[in-house]
Amino acid sequence: MRKALVAIAVLALAGCAGGNKKAAKPVTVSDSDYGRLTPAQTAPVDQARTALGQARDEFARAKLRQTESAQAAALAQADMGVAAAEAQRAEARMKMAQESADPNQLAQARTMSDSARLRQATAQARVDYAQKIQAARAAEVATAEKRVALAEAEVERSKLQALLQAQVPAATKYDPAKLDARVATAQQEYSQASATSQAALNDAINAEAHWRELERQLQARAAPPAPRG
């Protein structure tokens with residue numbers, strides 16, 4: 001988890017540092033130059049554009065999952081309120097039982113208190129999971145955004161490659177190294193974002209497993225005893 005947080009912090013600092021400078025205009029191939037190609041010469045570009053469309057679709061899905069995770073967090077917070085109310089009832093029941101000194105009432109109050117503590121632990125585990133899945137979904141959105149940037153860079157590089165293969169004179173206006181560098185940078189940023197996203201998702205998966213186990217214990221406690229015989 002610490003590694004994931006460090007990675008996120010590094011990316012954030014890098015973004016802030018970059019924000020202090022005027023962003024350089026990305027290297028692109030003009031539409032007028034690309035328009036010199038025939039449909040038969042644009043197949044690699046068409047493939048790159050298909051990949052770009054898929055990356056944009058995944059970005060939209062990632063944003064939707066992020067919205068859903070926010071809704072789950074709201075439900076988890078509501079569950080904490082229910083658990084707190086149950087704990088208050090258990091506390092009041094225990095006070096009444098202690099005042100009565102009735103063994104049966106004390107036993108029932110202890111059982112109620114134990115259930116209330118488990119209920120609170122389960123609710124807290126759900127909140128922890130909700131927070132971690134929110135972080136994971138945010139990281140997924142950042143990763144998907146980097147994938148779009150990479151796909152856009154690959155589209156521009158494929159345009160120049162198509163111009164070069166077709167021996168279009170306009171291709172000499174462009175520096176292939178700059179487009180290669182744009183792709184390489186985008187690939188590095190995407191890889192870093194992917195690693196951060198995977199670490200955040202692993203944290204969320206572990207938190208969910210803990211919550212589900214406590215929930216199972218809570219349900220088992222609430223279930224009526226199985227009939228004998």
Side-chain angles (χ1 to χ4, degrees), residues 1-9 11-12 57-145 147 191-229:
M1 180 63 180
R2 179 174 294 179
K3 292 181 179 179
L5 291 174
V6 169
I8 293 173
L11 290 174
D57 288 344
E58 175 51 33
F59 177 71
R61 288 191 292 269
K63 292 287 288 183
L64 178 59
R65 291 193 295 270
Q66 185 180 35
T67 300
E68 292 172 345
S69 70
Q71 295 171 349
L75 292 175
Q77 288 294 340
D79 200 22
M80 280 289 290
V82 173
E86 185 175 326
Q88 290 177 349
R89 289 193 296 271
E91 184 178 358
R93 180 71 176 272
M94 178 60 74
K95 287 181 179 179
M96 292 175 59
Q98 289 173 340
E99 289 174 358
S100 69
D102 182 277
N104 290 331
Q105 289 190 26
L106 283 169
Q108 292 174 0
R110 292 190 187 99
T111 299
M112 188 175 180
S113 295
D114 290 342
S115 295
R117 281 192 291 271
L118 181 56
R119 183 77 176 81
Q120 283 188 302
T122 304
Q124 183 59 58
R126 185 179 183 181
V127 169
D128 291 343
Y129 164 66
Q131 292 172 344
K132 286 182 171 60
I133 197 62
Q134 274 191 297
R137 297 312 186 206
E140 285 179 359
V141 168
T143 301
E145 190 173 22
R147 181 68 186 91
S191 297
Q192 291 174 344
S194 295
T196 299
S197 178
Q198 187 58 56
L201 182 58
N202 289 341
D203 286 340
I205 290 172
N206 292 334
E208 182 181 20
H210 177 57
W211 165 44
R212 296 297 185 186
E213 172 57 24
L214 290 177
E215 192 174 54
R216 184 195 63 77
Q217 294 177 22
L218 186 63
Q219 291 174 351
R221 175 181 285 272
R228 297 182 179 180

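None of these values were measured; they are calculated from a predicted model.
- Of all the heavy atoms in Val127 and Ala76, the pair that sits closest is CG2-O, 3.6 Å.
- Summarising the geometry, atom CG belonging to Leu75 is positioned 5.5 Å from atom CZ belonging to Arg126; distances are rounded to the nearest 0.5 Å.
- Here the OH-CD1 distance, from Tyr129 to Ile205, works out to 8.5 Å after rounding to the nearest 0.5 Å.
- Looking at every heavy atom in both residues, Ala130 comes nearest to Ala73 through CB-CA, 3.7 Å.
- Atom CD in Glu213 sits 9.5 Å away from atom OG1 in Thr122 (nearest 0.5 Å).
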#### Entry: Residue pair Lys132, Asn206: steps toward the side chain to side chain contact (heavy atoms under 4.5 Å, CB included) verdict
CA-CA 10 Å; Lys132 286 182 171 60; Asn206 292 334; over 6 Å; no
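- The two residues Ser197 and Ala139 come nearest to each other via the heavy atoms CA-CB, 3.7 Å.
- One finds a salt bridge joining Arg65 and Glu58 here, because a Lys/Arg side-chain nitrogen approaches an Asp/Glu carboxylate oxygen to under 4.0 Å.
- The shortest heavy-atom contact between Leu214 and Ala121 is CD1-O, 3.6 Å.
- The minimum heavy-atom distance linking Ala62 with Ala144 is given by the pair CB-CB, 4.2 Å.
- Distance check: Glu145 CD to Arg147 CZ gives 13.5 Å after rounding to the nearest 0.5 Å.
- To the nearest 0.5 Å, atoms CD (Gln66) and CD (Gln134) are separated by 8.0 Å.
- Within the model, atoms CD of Glu140 and CG of Leu201 stand 6.0 Å from one another, a figure rounded to the nearest 0.5 Å.
- Heavy-atom minimum distance, Ala193 versus Thr143: O-OG1, 3.0 Å.
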